[in-house]
Every structure is written in structure tokens, then in C-alpha cells.
Amino acid sequence: MKTHFGPFAFDPSNQLLWRGAQEVPLPPRVVGVLGLLIARPGEVVSRQELIDAVWKDAFVSDTSLAEAISFLRQALGDDPQQPSYIQTVHRRGYRFLPPVNGAGAAAAPDAAARAVRDPWAQLLPWAIAIVLGAMAAAAVWRVAHPDAPLVPPIARFDVLLPGGATLDGSAPAIAFSPSGARLAAAACDAGGRCQLLVRALDRLDMQPLAGTEGAAAPFFSPDDASIAFFADGKLKTIPFAGGAPETIADAPHALGGAWLDDGSIVFASALAGGLQRVPAAGGRVRVATRVDPAAGELRHETPEAVPGTRAVLATAVLAPSLPPRTRIVALSLDTGPHTIVVDRGASPRFVAPNTITFVRDGDLMAAAFDPSQLKIVGQPVVVAPRVGDAPSEYAVSRAGALATAVGQDDAPAFALAWAARNEAVEPLPRALQNLAAPQPSLDGRRIAAVKSADEPAELWWADVERGTLSRLTFDGEHRDPRWAPGGDAIVFASRAGGVFNLFTRGLDDRSAPRRLTTSPHHQAPGGVSRDGLVVFVDFDDPASGADLWSVPLAGGAPQPILRTPFDEEAPAIAPGGRWLAYQSNESNRWEVYVRPFAGAAMPISAGGGTSPVWSSDGTTLYYAGRAGVMAVTLADCAVAAAALSDRACRDAAPSAPVEILRGAWIPRGARPGGRLLVERARGRLAGVDRIRVTLQWTRELQRVVPPAVVASPK
């Protein structure tokens with residue numbers, strides 16, 4: 001027999017919950033909690049009694065019960081602050097509030113009462129019986145037609161970051177606590193100094209959290225009591241009750257993490273490889289997931305726990321460079337295998353009871369999701385446009401609140417332009433604006449690139465003056481075209497299946513591309529010297545990271561240039577051929593360095609730097625800084641290079657970095673005359689100083705997301 005309460009009906013024999021004619025899917029543990037609470041309406045059921053009854057012999061903590069209660073509240077649309085169904089009784093347990101299937105008992109007159117001769121005395125028992133009968137009927141009607149629970153309204157408001165701070169653009173910056181009571185953001189000041197800001201939603205402003213200097217990619221503990229973050233090449237945690245941060249593990253890159261109910265943390269910090277796992281109190285770091293090279297996977301990042309399961313969702317990165325190619329996968333923490341959940345998606349978040357959100361092409365999407373099968377069971381729809389995708393700038397609490405970065409609207413309408421110091425940028429022709437990661441030839445008259453909309457990615461070359469495009473490749477998937485010295489051929493990364501390796505082909509050559517390398521690791525070319533030496537990045541295992549290698553364009557065995565415990569990327573060869581610029585995380589953040597092919601390195605950037613590019617005469621090095629494109633003069637290293645010793649170049653200090661272009665621009669190459677080809681960082685919201693919060697957001701999801709078609713919970 002079904003038990004009715006509000007708009008819901010619970011079938012205890014089949015362990016099913018219904019809302020009207022629609023089944024509400026619940027995990028088995030959540031069903032057990034609901035059944036026990038319904039069986040004892042109005043009573044306070046202790047936490048330990050619920051754990052003993054539902055989890056039986058399994059050893060779990062209070063957080064598992066709290067997660068089940070949170071999941072159940074989401075399914076019922078209940079507000080933990082103003083509950084209509086499940087009330088938390090502090091330090092005792094939980095109580096089920098609404099009445100269920102009861103009927104008041106009517107008192108009957110005593111059949112043995114003595115009759116009296118007074119007529120009023122004879123009528124009084126009948127009057128009492130009529131009144132009591134009416135009261136009983138009213139009670140039955142109230143049970144059958146209870147008042148609808150009070151539902152808080154959907155509310156939106158903006159949270160302004162204090163003191164001119166802006167969200168960190170290098171890693172996921174926003175986090176919501178599971179209960180939705182706290183909002184955290186990794187924010188940086190004008191000088192590039194970053195720190196966590198936290199706001200309790202019952203307060204009016206965000207406050208800096210002491211001990212979190214340099215923090216990025218925050219995420220909360222399941223009980224809201226602590227927060228984890230990446231800083232100084234480490235994974236750290238800090239409690240809100242006070243105390244110093246505790247270092248948990250080495251973590252060179254802030255690629256996201258998830259704090260699980262069992263007291264462990266799953267996190268991503270390697271440019272190549274799977275997720276890692278470590279106890280939240282610190283201890284041995286273990287491999288949590290492994291990438292699938294045969295499927296083209298480079299790394300896993302942005303993990304998200306799926307409550308009630310032993311699995312996480314994560315972003316699988318499938319290409320070592322732009323344009324990005326990702327998919328969302330479900331990864332078992334017990335058995336290892338993983339399955340594809342969403343193609344062309346990133347940054348998954350689970351929203352109880354049966355929805356996931358993710359980012360696709362810069363928009364926030366949502367789809368019905370079956371946790372028991374770990375798969376999409378409905379059509380994805382756009383629920384919030386322009387949240388950014390590199391990295392994502394949104395967070396969802398388990399209690400159903402949404403936080404998104406509010407982007408500035410002053411970004412130019414074009415993505416590619418020529419720039420020069422003290423001059424306005426000049427957009428490229430409209431026909432070339434859909435190119436990604438462009439590479440100009442030495443004379444600046446041609447550009448090789450990938451079309452951002454191509455799937456899979458194909459290579460094209462453009463005549464800059466005429467604004468025309470010609471296709472270079474027709475099969476497979478390709479990235480990172482680099483011009484050979486004569487400008488009549490290109491070197492590029494390609495995969496027909498599996499990983500990216502290096503190939504070359506001429507512009508007018510219609511034969512198959514010629515393979516330069518064969519490796520089980522992803523590879524990406526960085527540049528070609530005038531004497532035909534190709535410098536490239538090899539994405540080895542996490543122990544070695546990304547390293548710099550070279551291979552002759554004419555053919556031969558690859559040779560290592562720089563192999564360290566750190567990551568080195570974006571190699572750029574100076575026009576003279578003796579000097580190599582690159583970016584490294586040796587200092588726990590990306591910085592730009594210059595070194596001879598064999599010799600010591602010289603730091604160039606200050607306060608962070610990526611994507612180095614040489615001027616056509618080799619006297620200036622450009623790179624992407626936090627606030628814009630920077631330039632450093634290195635004339636002593638370029639003039640009379642053959643006669644100048646390596647030591648003389650190192651001893652001649654480079655100039656201080658000078659900003660030549662403000663904004664989220666990436667230098668891609670230079671042409672004679674001092675003009676620089678720049679690309680606007682795609683999908684990234686720069687200069688964001690506020691966060692938009694939506695409370696009761698899951699009610700909007702219920703209206704716009706097609707309903708799930710799921711199997712019955714077991």
C-alpha cells in the first residue's frame with residue numbers, strides 16, 4: 001500500500017517514490033533512509049539508528065548519511081533552512097514532518113451511559129457525536145489534502161569581488177560548498193597576487209581566507225567544514241574553524257579536485273596522465289585512474305564525485321593543444337575501466353537527484369543523468385550561455401544553487417589581429433577569423449592554422465593579403481602547424497587513431513604526409529630552425545612530465561634537449577638558431593626562460609608567462625603575461641650571434657618586461673617590421689570581477705531539462 005504525503009507517494013514494497021505519475025529515481029541507500037523516516041512520522045530518528053538500519057554492517061561516517069539526506073531533499077524539493085519534509089534536529093537526528101495516511105479516530109459516546117429523562121440530557125450525546133464526527137471528517141480531509149509545502153522563491157544576486165580583484169583565469173576559480181552555505185573564489189589583484197575569498201551566504205561580503213595565498217581551483221569537503229586548494233605546486237587543505245593550511249600532496253598544476261565521502265581526495269595535477277588519490281589528512285598518493293592512449297586521451301581533469309557510487313566524472317583531454325577537444329568520462333575508482341558519458345564536453349558537475357551539467361563551446365549545458373548506470377538519459381540543453389570553457393567558471397552546490405562568472409562585454413568582436421607597440425591592433429580579414437592557433441611564415445605573408453569549427457581538425461593555410469584559404473590536409477586529425485625554413489612545407493602533429501605524433505608535408509605535395517616520429521606519447525611541434533631541426537614537446541608519464549626533444553626534418557632519431565622533473569612546453573627557436581625560449585613550471589607556476597640548446601637557462605618573465613615568440617630579427621621576445629602581451633629586449637643575444645659567447649649573452653641582463661597589448665591575447669608569431677600576430681584566448685572570461693548566484697536553481701532545471709527515462713532504483 002502506498003504512503004502519500006504532499007504530492008508524493010511512497011511504495012515501500014517496491015521501494016519506489018512517485019511524484020504524481022512520474023517516478024523519482026533514488027539510490028538504494030536513499031530509499032532506505034526515506035522508508036525509515038516515513039515509517040515513523042513526527043519522531044526524531046537518531047543518526048546512528050539510520051546508519052545501522054540502512055548501511056547495516058558497512059563502516060561509514062556521518063557524512064554518508066548527510067549526503068543521503070541532501071540527495072533526498074533535492075529529490076523532494078525541500079529547503080534545509082525551512083524544511084517542509086525532513087527536519088534536522090541538532091545533535092540528535094532527523095524527523096519526517098508531513099502527515100502520512102492517518103485518519104483521526106472519532107470518539108464514540110459510551111454505549112453504557114445512562115439515559116436521563118431531561119430532553120437536553122438526551123440530545124447532548126447526539127450533539128457531541130455530531131461535532132466529533134465533523135471533526136473526524138475534517139481530519140481525514142486534511143490528511144488527504146495537506147497544504148502544499150512552502151517553496152522558497154528562485155533568487156538571483158551578484159557578488160562583487162572586493163578591492164578591484166578579478167577571478168583567476170588560469171584554473172577553475174569558483175566553488176560552492178555542498179550545502180550551498182558558502183561560496184569561494186580564487187581571485188587575484190592587479191599585481192597578480194591571488195588568494196581565496198569566501199562568503200557565507202548569510203553575510204554581505206566576501207572575506208579573504210588567511211593562509212591561502214597563491215591559491216587556485218578550490219573545492220569543499222563534504223561537511224562544509226574545510227576547503228582544499230592548489231598553491232605553490234602543492235595540494236592543501238584548511239579548516240574554516242581556524243588553523244594553518246596543511247600540505248597534502250605535490251600538485252604542480254591546478255586541474256581540479258573532488259573531496260569524497262570516504263575521506264579521500266581525488267585530484268588532477270599532471271599535463272599527461274590520470275587522476276591521483278590521497279587521504280584528506282595526508283598520506284600516500286596513489287594512482288586513481290589511467291588514461292586510454294588508444295582513445296587519444298592525454299589526461300583526466302576536473303573530477304566530480306557521483307554520490308552513492310564508487311565512480312567520478314571527469315574531463316578527458318584528447319589533444320595536446322588548441323583547438324581543445326574533450327569529452328566527459330565516468331571513471332570507476334575500484335575497477336579502473338571508464339566509459340564515455342558526453343562527447344564534446346568538459347567540467348562536469350552532478351546535480352541531485354538526476355542531472356549533470358557541463359560546458360560545451362563556452363555554454364553551460366544540462367542533461368538528465370542516471371547515476372546507477374552512469375550515463376546520459378536525456379537530450380542536453382543550454383541552461384546558461386557564455387560561462388567560458390578554458391577553464392570553466394561555474395559551480396553548482398548539492399543544495400541546488402548555481403554560481404557563474406559574469407563576463408565583461410568590452411571584448412572585441414574579432415579573435416585574430418596584428419599588433420605592434422604603441423599602435424592599435426589591426427584585425428585580420430573576416431575570412432580568417434575562424435582560425436585557431438595560427439602560425440605566420442617568416443615573411444608574414446602566409447598563415448598556417450586549424451579551423452576552429454572543424455571536427456576533426458584539419459590544417460589550412462591563408463594568404464594574408466588576399467584573405468583566402470587553402471586546405472592542407474584531408475584525413476585524420478591534425479594540430480600545431482609549423483613552417484619549414486623555406487616556407488614551402490609544414491611540420492605538424494597528427495593522429496589517425498591513438499596519440500599525436502609528428503609529420504611533414506609540402507604545400508603543393510598531394511602525397512601522404514611523411515612521418516617524423518613514432519611514439520606512444522602525445523607530441524606537439526614547437527618550431528623548426530633554419531638548419532632543419534624540429535623542436536617538439538613529448539608528453540611523457542607524470543614522473544617526467546612534458547619534455548623538450550628535437551628531430552631532424554630530413555629524418556633521423558629524436559634526441560632529448562631538456563628532460564627534468566618539471567614540465568617544459570611551447571619551445572620557440574630564435575631566428576639565429578642558437579637560442580631556445582620555452583615555458584616551465586620549475587618555480588611552481590608557468591614562467592618563460594631562454595637558454596642555448598646546451599647550457600644554463602635565463603629567466604625572462606616576472607609574475608607568470610606563457611607562449612613565447614621571437615621577433616623576426618631575434619632581438620625581442622614576446623610572451624603572454626597575466627594582464628596582456630609582454631615584450632623583453634634581448635639584443636645582446638641576437639647581434640653578431642656567431643661571435644658572441646653563451647656566457648656573454650647570459651651575463652647581459654634582458655630588459656624589464658614591457659606590456660605592449662592589454663587583454664587576454666596570446667602571441668603566435670611575428671613578421672618583419674615589428675608586427676606581432678596575436679590571438680584572443682578563446683572561451684576564457686578575462687577581467688571578471690563579479691559572480692552571479694542563483695538560489696533554488698534546480699527548480700529551473702526541472703522546467704528546461706527534458707525528464708530522465710531511467711531504470712527503477714534497486
Which of parallel (below 30°), tilted (30 to 60°) and perpendicular (above 60°) describes Trp590 and His253?
-> tilted

Ignoring hydrogens and angles, tell me if any N or O in the side chain of Thr212 forms a donor-acceptor pair with the backbone of Leu196 under 3.5 Å.
-> yes

Would you say the side-chain atoms of Asp224 pair up with the backbone N or O of Ser177, donor to acceptor, closer than 3.5 Å?
-> no

Can Ser605 and Glu591 be counted as having a side-chain donor-acceptor contact under 3.5 angstrom?
-> yes

Taking all non-hydrogen atoms of both residues, which atom of Ala627 and which atom of Arg662 are closest, and how far apart?
-> CB-NH1, 3.4 Å

Under the 3.5 angstrom rule, does the side chain of Arg360 hit a backbone N or O of Arg344 as a donor-acceptor pair?
-> yes

Arg479 (side chain) donor-acceptor with Ala524 (main chain) under 3.5 angstrom | no

So, the side chain of Thr302 versus the backbone of Gly256: is there a donor-acceptor pair under 3.5 Å, distance only?
-> no

Should the pair Tyr593 and Tyr582 be assigned to parallel (<30°), tilted (30 to 60°) or perpendicular (>60°) ring geometry?
-> parallel

Out of curiosity, Leu701 CG to Leu402 CG, how far, rounded to the nearest 0.5 Å?
-> 8.0 Å

Does a side chain donor of either Ser264 or Arg286 reach within less than 3.5 Å of an acceptor in the other side chain?
-> no

CG/Leu235 to CZ/Phe229 distance, rounded to the nearest 0.5 angstrom?
-> 8.5 Å

Of all the heavy-atom pairs spanning Ala249 and Phe267, show the shortest one and how long it is.
-> CB-CZ, 4.0 Å

Donor-acceptor under 3.5 Å (Gln583 side chain, Ser611 main chain) | yes

For the side chain of Asn588 and the backbone of Asp232, is there at least one donor-acceptor N/O pair under 3.5 Å apart?
-> yes

Decide yes or no for Thr88 and Pro83: does some side-chain heavy atom of the first lie under 4.5 Å from some side-chain heavy atom of the second?
-> no

side-chain hydrogen bond (donor to acceptor under 3.5 Å, both in side chains) pairs, two or more places apart, involving residues 237-251 | Lys234-Asp250

Of all heavy-atom pairs between Ser221 and Asp223, which one has the smallest distance, and what is that distance?
-> OG-OD1, 2.7 Å

Over 60° means perpendicular and under 30° means parallel, so classify the ring planes of Phe220 and Phe240, tilted if in between.
-> parallel

Side-chain (Tyr394) to main-chain (Ser347) donor-acceptor, under 3.5 angstrom = yes

About how many Å separate CG of Leu428 and CG of Leu435, when rounded to the nearest 0.5 Å?
-> 8.0 Å

